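Here the structure is laid out as structure tokens; the discussion comes afterwards.
Source: prediction; values computed, not measured. Labels below follow one simple rule: chain letters A, B, ... track the order of the sequence lines, proteins then strands, and each chain is numbered from 1.
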Number of protein chains: 2
Amino acid sequence: MRGRVTGTKSRRRGAQLEQAILDAAWDELREVGYSRLTIEAVAARAGTSKPVIYRRWGGRAELVLAAWARNLPVEPEPPDTGTLRGDLHTLFSRIAHRADTMMNEMVAGVMGEAFRHPEVAALLGERLANPSPLTDTVRTIVDNAVRRGELPPVDLPPRVLRLPLDLIRTESMTCGVPAVDETVESLVNDVYVPLLHGLAAVGDAVDQG
Amino acid sequence: MRGRVTGTKSRRRGAQLEQAILDAAWDELREVGYSRLTIEAVAARAGTSKPVIYRRWGGRAELVLAAWARNLPVEPEPPDTGTLRGDLHTLFSRIAHRADTMMNEMVAGVMGEAFRHPEVAALLGERLANPSPLTDTVRTIVDNAVRRGELPPVDLPPRVLRLPLDLIRTESMTCGVPAVDETVESLVNDVYVPLLHGLAAVGDAVDQG
DNA sequence: GCGATAAGAAACGCAAAGTATCTAAAGAGT
DNA sequence: ACTCTTTAGATACTTTGCGTTTCTTATCGC
């Protein structure tokens, strides 16, 4: 309970109010999605009013990015199935599950606004491109495979570390539905595993040359 | 000249009118981008009125997809630089050049609407996922590399054929700017070439096993 | 308790969506 | 050439949401 007593008008301020608004935005996002999310609805849901929101954020995109930042998923332990393929399958499935419809609609929507608002583009790029717990997981999975001897030692460029998320996002954004298991299978077998072997082979050649 | 005499009210119909509207939509798209494109502006630009547009298309996304379909770029001859890397670099640069800001903003915008309108999702998926002149070019480049002995014979899954476009689009949509040469370099060297070698190696193993 | 700050309510002007109504022009059929 | 059907184009309307302004008053720091 945040309010005091029914009938009493209590007024939240500062961090408490901000959190209430971001919670409301996040709930709204989950319920109606980005494209139907309105500032007015968020304000109503948070029990506040539009100016309060506009005093803090520049618009929908920034508000949603802020709400997203407070609701980042907790990265689970890296999978350890005993095979590279198995670990990657688990990883890709996790990403696909996490990057569900709402998430992708949000990313698409924010992207759309990012083209007109450089500051939004900056925030979004930061969120998507930076090293994250996810890229650490990718690294761990590959390291484990190397340790087991499934792969030669291989150096992973940042872009390759980001690729799992990018691949899943692309799939699910162009299809409009979360990636199905068959898709995950294909991304692992047709793209990511061959890529890792290819990178390892190149590393080999350099080592030997 | 489409009109008759100045002052005379001529009325276009059918295909002629439709083309005028799609041209107007395309011009508008290039000038103000997807997010600022309004049906009213397109109608005004085409010298017609909103109801005429709504009679034909369901909304912005569908109108824009139709305009896009009439303005598909002509796929140039596959590059032939003599090396796989060179050809891929040329190809990726071409894609990056073509997939400029306007194009990506459009894709992002249409994607955003696709989540709510299944028919838009279908049209968009069709446009992005189908075999295209571009995938033919990828195949040709790889075939040439195989013929030169740069690569073992390799079978390319559809997803791999689409990957160049997906990679460029991802880059330029998350950064909000067209991919720079350095990015192209990295996509070719860090991702696509290793992937091709990895796929070829797998094919080898299967052939030999 | 006093004054500064900022929350919340209400209303505004604006833009654009999408719809409805009406007219008259184009084209088809006789 | 005349009629009839279709539909382009004009206009205006309702709705929705944006982003802003104004005003009151609750809350906090002192």
### Message
Considering every strand and a 4.0 Å limit on heavy-atom distances, what is the contact class for A:Thr48: base, sugar-phosphate, or nothing?
### Response
sugar-phosphate
### Query
So what does B:Thr38 hit on the nucleic acid, given a heavy-atom distance under 4.0 Å: a base, only sugar-phosphate, or nothing?
sugar-phosphate
### Message
Take a 6.0 Å sphere around CZ of A:Arg30 and say whether it holds more than 12 heavy atoms from other residues, nucleotides or ligands.
### Response
yes
Interatomic distance where [atom1] belongs to [X] and [atom2] belongs to [N] [whole Å]:
X: B:Leu63; N: C:dA17; atom1: CG; atom2: P; value: 11 Å
X: B:Glu62; N: C:dG18; atom1: CD; atom2: P; value: 10 Å
X: B:Arg36; N: C:dA17; atom1: CZ; atom2: C1'; value: 18 Å
X: B:Glu113; N: C:dA16; atom1: CD; atom2: C1'; value: 13 Å
X: A:Ile53; N: C:dA7; atom1: CD1; atom2: P; value: 11 Å
X: A:Glu18; N: C:dA7; atom1: CD; atom2: C1'; value: 14 Å
X: B:Arg55; N: D:dA10; atom1: CZ; atom2: P; value: 12 Å
X: B:Glu40; N: D:dG9; atom1: CD; atom2: C1'; value: 14 Å

## Note on the structure
Residue set satisfying side-chain hydrogen bond (donor to acceptor under 3.5 Å, both in side chains) with A:Tyr192, at least two apart, ordered chain then number -> none
Nucleotide of [options] approaching [X] most closely (side-chain heavy atoms):
X: B:Arg11; options: D:dA12, C:dA25, D:dC18; result: C:dA25
X: B:Arg13; options: C:dT21, C:dT19, C:dA26; result: C:dA26
X: B:Pro51; options: C:dG8, C:dA20, D:dG9; result: C:dA20
X: A:Lys50; options: D:dG19, D:dA8, C:dT19; result: D:dG19
X: B:Leu17; options: C:dA7, D:dG9, C:dA17; result: D:dG9
X: B:Ser10; options: C:dA17, C:dA26, D:dG9; result: C:dA26

### Summary
Walking DNA chain C from its 5' end, the first of B:Leu37 and A:Val52 to be reached, judged by nearest nucleotide, is A:Val52
### Task
Apply the test side chain to side chain donor-acceptor pair (under 3.5 Å) to residues B:Asn104 and B:Arg169: give CA-CA distance (whole Å), side-chain angles for both, the deciding distance (0.1 Å), then the verdict.
CA-CA 7 Å; B:Asn104 285 311; B:Arg169 196 186 311 117; 5.0 Å; no
### Query
Relative to B:Trp26, does B:Arg70 satisfy both conditions: NZ or CZ under 6.0 angstrom from the six-membered ring centre, and within 45 degrees of the ring's axis?
no
### Message
Measuring to OP1 and OP2 of C:dA7, would you say a side-chain N or O of A:Arg56 lies under 4.0 angstrom away?
### Response
yes
### Residue met sooner reading DNA chain D from 5', once B:Gly47 and A:Arg60 are mapped to nucleotides
B:Gly47
### Query
Once you round to the nearest 0.5 Å, how far does CD of B:Glu75 lie from OG1 of B:Thr135?
9.0 Å
